[in-house]
Amino acid sequence: MSIYLGLDSSTQSLSALVIDFEARKILADLSISFGERLPQYGCPKGVLPHEDPAVAHSDPLLWLAALDLLLAELKARGIEPGRIEAVAGSGQQHGSVYLNDRARDVLASLKPRRHLADQLKPALSRSTSPIWMDFSTGRQCAEITEALGGAGRVAELTGSSCFERFTGPQIRKFWQTEPARYEKTARIHLVSSFMASVLAGRHAPIDFGDGAGMNLMDLRARNWSAAALKATAPGLKARLPRLASSDTIVGRISPYFVHRYGFSPRARIAAWSGDNPCSLIGVGLISAGKVCISLGTSDTYFGFMAKPHVSTKGEGHVFGSPTGDFMSLICFLNGSLARERVRDQYGLSWAQFSQVLRETKPGNGGAVLLPYFAPEITPNVPSPQVRRYGLDASDVKRNVRAVIEAQMASMALHARWMGVKTRTVYATGGASANREILQVMANLHDAEVYQFPVGKSAALGAALRAAHASLKADGKARPWKEIVAGFAEPVAESRVRPDPAAVRTYRGFLKLYEACEAHALRGGEDPAGARERYRRTSG
Ligand code: XUL
């Protein structure tokens, strides 16, 4: 038997991929969209509405309701859960779940006749979960940064300077604003370790990949940093799960899933990780040299890293890689959100959007859009602001091209700290199906871009991690190269080549974009001169 299940608990949906590892085949691929299938939870895009736009919380019970729905559907699709050897998962990073001291017993005695959400409800000490889109902890970030001796020091210690969405600042805010509830909190999980805990019926550890997204873990020593814990909240260590490597087996699956869905009682639950560490595996980045751009709710730019090399200017992060090494990552919040905003604003279909990209010229005649429709993570823009330079809001075509060029230019600029010049970019995530977008990507990064046969790189990475951890537990460990072979490989024929003329245009365009960004965000000089220079040189 070599059937493994990878789950991905992401912002807007829960997905599953079932793989036959030896046959290198995907047996099932399905998703539950929170907005469409579980509207009663009031999270249309996976986020609870809030009067403060900086606050982004979700309902953790929604993720459990989705798990019940998904597993029932898997069975209905003819997958026999009893054949699944092991399960691993991927969770949206940074989000946290707060449980009281009843959680341990509740997890250990889940009743197969009742829904997970109903049973876990009394075990929550906080009814909502702050997620990665939250920007409300600026004050806490400043306090932690000061206590730890500055942004550079925090980055060296934890892999990232303090970011609003990271779990440490979020926990500090909870302790400061709701001390009584914090007092009642016995365990704080990440989305990943929470979902693993439910599946295993016991508190699961946090893996080094996702643990690095908290501003609490000593990146090199791979333990909770006493200084970071102290700077965050009192009594925090006792409330956190232990840290463990990504190939840890948490235990056998909880009897709940055996009786309700027919899993084998011997099925293993492997530690879950963050969606980005899982995607790293899902696109086969197990050594240095290539990067991946994932175009999802957020856009991320990431790559494998052998030794940790952090950004001290707050432009990105270093997380653990599931291989035991490291990964670099930059997150752009205005990903599909910004693309959809522009498409909807002009009433276009995706086909029309692509058509416009085909019809318009690289460099857009020097028109620049800064598309911070929502607060932006990279560069740091704490409240929404959309700026146009040499661009009229009524110009449909130029605005369409401008949003894509802005996203790709911003990636190129803010990835410089990684010091990697790559000739190959792997593209994944929903929008990677759009070849016109990939052409702009290829031209702006002066690199060949490849697509993948499986869009769900995080769920695939999770399934491959389940195989890796389970084989290791059986004493049959296989090297990562063999684990990803035949699954996490780009489609050779999908190659999008950079166009040399566009590459030249974009060299100048990048300077212009940088000047516009500096003007809008850092009080830099008016970019009119830069636009003129760009116009002259681009002919
Ligand atoms: C990464 C980040 C997002 C989330 C959501 O740092 O915040 O990519 O993981 O998927």
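Quantities reported herein were computed from a predicted structural model and do not represent experimental measurements. Note that ligands are numbered from 1 as they come in the structure, with each ligand's atoms numbered from 1 the same way.
Ring-plane geometry between H317 and F166 is classed as tilted, the angle between the planes lying from 30 to 60 degrees on a 0 to 90 degree scale. By the 30° and 60° cut-offs, the orientation of the rings of H468 relative to W480 is parallel.
A donor-acceptor contact closer than 3.5 angstrom links the side chains of Q176 and E143. In this structure, a donor-acceptor pair under 3.5 Å is absent between the side chains of Q92 and D275. Side chain to side chain, S246 and D207 meet the donor-acceptor criterion of an N or O pair below 3.5 Å. Remark: the K45 side chain and the T11 side chain contain no N/O donor-acceptor pair separated by less than 3.5 Å.
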At less than 3.5 Å, what protein N or O atoms come close to the N or O atoms of ligand 1? Include the distances to 0.1 Å.
unit_1   : atom_1 : unit_2 : atom_2 : d
ligand 1 : 6 (O)  : H94    : NE2    : 2.7
ligand 1 : 6 (O)  : R165   : NH2    : 2.8
ligand 1 : 7 (O)  : H94    : NE2    : 3.3
ligand 1 : 7 (O)  : R165   : NE     : 2.8
ligand 1 : 8 (O)  : N276   : ND2    : 3.1
ligand 1 : 8 (O)  : S298   : OG     : 3.3
ligand 1 : 9 (O)  : Q93    : N      : 3.1
ligand 1 : 9 (O)  : D275   : OD1    : 2.8
ligand 1 : 9 (O)  : D275   : OD2    : 3.3
ligand 1 : 9 (O)  : N276   : ND2    : 3.4
ligand 1 : 10 (O) : D275   : OD2    : 2.3

